[in-house]
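Written below as structure tokens is the structure these notes are about.
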Amino acid sequence: MTRDIAVVAFAQTDHRRTTDELSEVEMLMPVLHEVLDRTGLKTADIGFTCSGSSDYLAGRAFSFTLALDGVGAWPPISESHVEMDGAWALYEAWTKLLTGDADTALVYSYGKSSPGSVRDVLTRQLDPYYVAPLWPDSVALAALQAQALIDAGDTDEPALAAVAARSRADATANSHAQLRGSLPQGEYLVRPLRTGDCPPIGDGAAAVVLAAGERARELCERPAWIRGIDHRIEAHSLGVRDLTDSPSTRLAAEKAGAFERPVDTAELHAPFTSQEVVLRKALRLDDSVRVNPSGGALAANPMMAAGLIRIGEAAAGIHRGESDRALAHATSGPCLQQNLVAVLEGDPR
Amino acid sequence: MSKEPVAVVGIGQTKHVAARRDVSIAGLVREAAGRALEDAELTWADVDAVVIGKAPDFFEGVMMPELYLADALGAVGKPMLRVHTAGSVGGSTALVAANLVAARVHGTVLTLAFEKQSESNAMWGLSLPIPFQQPLLAGAGGFFAPHVRAYMRRSGAPDTVGSLVAYKDRRNALKNPYAHLHEHDITLEKVQASPMLWDPIRYSETCPSSDGACAMVLTDRAGAARAPRPPAWMLGGAMRSEPTLFAGKDFVSPQAGKDCAADVYRQAGIADPRRDIDAVEMYVPFSWYEPMWLENLGFADEGEGWKLTESGVTELDGDLPVNMSGGVLSTNPIGASGMIRFAEAALQARGQAGEHQVDGARRVLGHAYGGGSQFFSMWLVGSEPPES
Amino acid sequence: MPEVLKAPLAVEFPFTRSLGPVQSAFLTGLRERVVLGVKAKDGRTLVPPVEYDPVTAEEIRDLVEVAPTGTVTTWAWNHEPRRGQPLDTPFAWVLVRLDGADTALLHALDAPGPDAVHTGMRVRVRWAEERSGAITDIACFEPYDGEPAGPTGHSGEFADAISGIVAFARLDYTYSPGRAQSDYIHALSERRTVGERCPSCRKVYVPPRGACPTCGVATAEHVEVGPRGTVTTFCIVNIKAKNLDIEVPYVYAHIALDGADLALHGRIGGIPYDQVRMGLRVEPVWTEGARYPDHYRPTGEPDAEYDTYKELL
């Protein structure tokens with residue numbers, strides 16, 4: 001059994017440092033309306049709904065139950081939730097469509113980093129016995145990885161600054177981005193990473209509609225067909241991993257068929273400049289590939305949604321006819337512990 | 001185009017207790033996973049993907065603990081998914097795993113759910129002091145007790161029915177070596193004499209707080225053919241959700257529960273659940289939810305569920321045994337509770353339930369729910385593969 | 001638009017973590033100034049030790065002692081330490097491969113500045129003065145230019161091994177309830193209960209949550225409801241909840257305020273608890289300075305008919 005499944009619509013919020021005038025559902029709901037409007041579908045037409053979010057980010061248990069208010073889950077809907085980035089919610093929805101149980105799926109995710117201190121919140125992801133009690137924040141861990149890359153001769157500070165500059169320059173064309181244009185590389189946050197090497201902290205939401213086969217063609221002029229999607233995880237402890245490489249990304253890309261033919265565009269979920277270096281190497285991307293034309297996570301990094309946004313941006317490029325074959329990547333965990341790769345294609349023009 | 005049939009070939013759980021002080025979180029989940037693999041006579045290397053579920057991360061104070069557990073569960077280099085759908089999560093997790101097999105994405109999937117409640121305190125995790133909000137006025141049972149009263153009003157059930165459920169489930173638990181509560185001296189009189197906590201719910205009609213994990217190995221036809229013991233076959237599975245609170249919500253018999261059951265029955269070709277299903281493991285955190293769910297799931301007409309309980313139909317040797325394992329009333333590691341229901345249904349269909357085996361159980365329903373009676377997940381498993 | 005409501009929310013708890021055999025040995029060892037690793041199936045020595053092989057997931061239990069000296073494999077200079085981190089003066093985060101180990105341990109390195117730190121530099125453990133069996137028994141690492149320290153040949157067996165740790169964690173959030181809830185809370189300060197009507201199904205939501213949950217559209221039209229209402233169902237609470245200063249027994253009820261399309265929750269007073277019934281008509285009783293009504297009391301009106309509220313339980 002194989003079924004062609006495509007991303008047929010994508011929507012996202014304007015990503016902002018804070019949205020304290022809005023509850024999560026108030027932030028999310030306009031995006032749900034927008035993505036449904038693009039297809040003309042209503043909640044009741046959707047075969048399966050899946051979302052991704054994090055209680056720890058919200059500071060509240062079961063925070064996703066209130067977000068469901070924005071969906072209009074009545075009559076009751078077939079629905080699931082992952083405590084992961086929305087890219088994995090999309091993966092779950094993709095498998096649901098593959099089984100033939102549903103022909104359309106609504107996928108959404110959201111995260112508000114503004115209420116808490118996300119650098120500290122993320123320390124709670126770490127080994128609770130040996131690492132979390134030291135409170136090593138997410139920038140510190142990324143900086144350890146960056147230094148390892150510099151030591152290995154894979155990059156240097158000017159090269160990292162160039163990644164930052166290119167990302168924010170590209171983001172000038174992305175009205176949803178939080179950081180755009182020419183920004184100073186700034187002081188060290190945790191050396192060797194400067195503020196410019198780090199993602200903005202902010203709030204945002206995103207949503208995608210998936211559809212299978214002919215249904216996709218009805219709903220979208222040029223569907224972004226998911227030719228392959230796969231995700232892999234690595235060992236948790238940084239001390240057992242080679243931080244200069246991402247074998248899980250490479251394996252996921254292989255399984256997703258990314259190496260069968262070159263892609264023209266790649267949307268990489270690299271919150272830190274140094275992580276783009278790792279991912280380019282793992283994915284064997286050369287200079288012919290447009291990397292992060294949206295500006296990537298360095299321009300907007302709403303936690304739990306930034307990975308789904310990579311898939312959405314890659315798909316939107318295909319919808320617009322700007323891309324024919326694109327790779328989208330999402331990550332989770334410290335220093336790229338878990339990685340998802342999707343390969344999207346448009347019909348030949 | 002058809003789905004790949006999904007078989008349960010390995011089941012493992014921990015001995016559920018109030019506090020497993022001898023193991024780490026990794027040790028707890030590995031115990032259940034190891035037993036499931038042993039049951040299936042497979043090794044970690046035979047697993048293609050891992051799907052894990054648990055209730056809120058605040059319960060253990062580890063954000064997205066699957067990241068830390070990746071190597072403990074043999075997931076390095078493999079796909080790993082983490083599901084969270086409130087109390088129904090154990091069931092939803094199994095269904096997400098089953099879909100990976102049904103979609104032919106993977107051949108063999110390890111699915112697991114856990115909660116180590118002793119790391120913190122569930123009521124703390126559930127009642128964080130959110131500013132501006134009215135504090136929870138009544139504790140855990142206070143959320144459920146008004147709905148029980150509404151059911152009693154609606155059905156006219158005598159107020160002893162709840163105690164009958166608790167007495168039955170605690171006796172069933174005595175036959176289940178993994179159950180948390182083993183109250184060897186339980187009597188109906190003791191249940192009925194236990195303190196009234198949230199009138200109409202008595203202490204003995206509430207669930208305990210447990211540390212525990214449950215794991216299953218799901219596989220395709222080829223995997224099932226290699227299995228050393230009889231598999232349980234998934235004949236139907238579904239999830240349904242409705243909003244937390246809304247105008248017209250029926251907390252006694254939520255529409256999402258009815259719809260979810262109807263979907264499962266349709267997939268499995270069940271015309272009359274009361275006749276066609278041999279036994280049920282359902283999520284009953286407070287005893288009165290047994291008659292409520294019997295109606296919601298279509299085993300009895302509205303207002304009639306308590307009669308099945310009262311007449312002994314739901315006893316282990318009754319015509320429709322319910323919660324043969326002792327149920328959530330005897331064991332409640334929150335995030336795992338749904339998967340334990342699913343696993344018990346599969347154990348019954350495999351004929352592997354030991355002392356609490358229902359003779360001739362061929363089709364068994366596993367049921368989980370959570371949130372504000374809003375998230376439902378169910379599967380129907382059988383001793384024979386689905387007709388294709 | 002009224003000002004956005006905000007308030008601090010501290011999420012804190014002393015988590016009680018049981019350790020299992022390998023972690024117990026490692027952390028007890030730190031208390032005794034001994035660093036233990038574990039042998040993996042491929043012969044590597046993992047420090048810090050885990051209970052399972054990171055490649056094969058097989059159980060591993062073979063503990064070996066390693067030296068308290070080692071080599072930095074990567075580092076990062078932290079000029080602004082954050083709450084809870086090992087040192088409160090600028091330090092380097094380091095991964096250190098201890099002599100005798102094949103994997104690296106994450107910790108802090110006390111060094112005068114970033115120029116004093118490099119990958120490959122030699123370091124040794126600086127033990128904390130007071131040790132209890134925790135990763136923080138290593139206060140930090142410090143530069144070291146001596147020979148590799150030899151292990152003492154410890155067996156990994158301890159007479160009084162610890163079995164658990166208490167991991168205190170606190171995260172601070174600034175909570176803001178959003179537009180709809182803020183409007184509701186502002187109105188409550190005037191002792192008015194204001195819900196919002198769904199533009200689609202016309203149902204009135206109290207408290208409003210910003211969206212009609214069945215229609216999935218924003219609610220905006222304010223509708224004042226109550227103050228009187230009907231008890232639709234209830235329970236009698238006989239156990240004292242933590243942090244609640246209410247004498248038991250008391251009645252916790254679902255109350256459908258007049259004009260609202262779903263019930264909210266409140267305590268019933270001004271009537272013996274065993275005389276509360278479904279259908280009882282009630283009104284709020286406010287106390288000075290409280291955000292919510294203290295409780296609801298009977299109005300004296302005749303009870304509402306079941307059919308008038310049976311959809312509002």
If you compare all heavy atoms of [X] against all heavy atoms of [Y], which two are closest, and at what distance to 0.1 Å?
X	Y	value
B:Leu67	A:Gln337	O-NE2, 2.9 Å
A:Tyr91	B:Leu100	CE2-CD2, 3.9 Å
A:Leu122	B:Met63	CD2-CE, 3.9 Å

At a 4.5 Å cut-off on heavy atoms, which part of [X] comes close to chain B: side chain, backbone, both, or neither?
X	result
A:Ala235	both
A:Glu92	side chain
A:Leu251	side chain
A:Val121	both

With chain A as the partner, which of [options] has the greatest number of non-hydrogen pairs under 4.5 Å?
options	value
B:Gly61, B:Gly371, B:Pro56, B:Ala75	B:Pro56
B:Val51, B:Asp57, B:Leu128	B:Asp57
B:Thr244, B:Leu81, B:Ile130	B:Leu81
B:Ile25, B:Val105, B:Val76	B:Val76
B:Ala70, B:Pro243, B:Ser377	B:Pro243

Examine whether an atom of [X] lies under 4.5 Å from a heavy atom of chain A, and if so say whether it belongs to the side chain, the backbone or both; otherwise answer neither.
X	answer
B:Phe376	neither
B:Phe59	neither
B:Glu60	neither
B:Ala256	both
B:Thr93	neither
B:Leu69	neither
B:Asp259	side chain

If you tally heavy-atom pairs under 4.5 Å against chain B, which of [options] wins?
options	answer
A:Ser80, A:Ser248, A:Cys50, A:Ser51	A:Ser80
A:Ser78, A:Ser54, A:Gly333	A:Ser78
A:Ala61, A:Ser332, A:Pro334, A:Ser63	A:Ala61
A:Leu68, A:Asp55, A:Val82, A:Ile233	A:Ile233

Quiz item: Do B:Lys3 and A:Asp101 sit within salt-bridge range, that is, some charged N less than 4.0 Å from a carboxylate O?
Solution: yes

Practice problem: For A:Gln338 and B:Met80, indicate whether the former's side chain and the latter's backbone hold a donor-acceptor pair under 3.5 Å. | Solution: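 Yes, A:Gln338 side chain to B:Met80 backbone: donor-acceptor pair under 3.5 Å.
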
Quiz item: Out of B:Val101, B:Asn99, B:Val96, which residue meets the side chain to side chain contact (heavy atoms under 4.5 Å, CB included) rule with A:Thr95?
Solution: B:Asn99

Exercise. Could you go through the side-chain contact (heavy atoms from CB on, under 4.5 Å) check for A:Tyr56 and B:Met64 one step at a time?
Key: CA-CA 9 Å; A:Tyr56 250 93; B:Met64 300 156 76; over 6 Å; no

Quiz item: Using the ring of each side chain (for Trp, its six-membered ring), is B:His84 parallel, tilted or perpendicular to A:Phe64, with breaks at 30° and 60°?
Solution: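 B:His84 and A:Phe64: perpendicular rings.
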
Practice problem: Flag yes if more than 12 heavy atoms outside A:Arg227 fall under 6.0 Å of its CZ atom; otherwise flag no. | Solution: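 Above 12, so yes.
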
Quiz item: Do B:Arg240 and A:Ile77 have side-chain heavy atoms sitting under 4.5 Å apart?
Solution: no

Self-check item: Heavy-atom check, side chain of B:Arg82 versus side chain of A:Trp88, under 4.5 Å
Solution: no

Quiz item: Is the A:Tyr130-B:Tyr68 ring centre distance short of 6.0 angstrom?
Solution: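 Judged by ring-centre distance (under 6.0 Å), A:Tyr130 and B:Tyr68 do not meet the cut-off.
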
Exercise. For the pair A:Thr65 and B:Phe375, evaluate side-chain contact (heavy atoms from CB on, under 4.5 Å) and give the outcome as yes or no after the intermediate values.
Key: CA-CA 9 Å; A:Thr65 63; B:Phe375 301 116; 3.5 Å; yes

Practice problem: Show the numbers, then the answer: is there a side-chain contact (heavy atoms from CB on, under 4.5 Å) between A:His81 and B:Val83? | Solution: CA-CA 6 Å; A:His81 173 264; B:Val83 181; over 6 Å; no

Quiz item: When rounded to the nearest 0.5 angstrom, what distance separates CG in B:Asp71 from OG in A:Ser237?
Solution: 8.0 Å

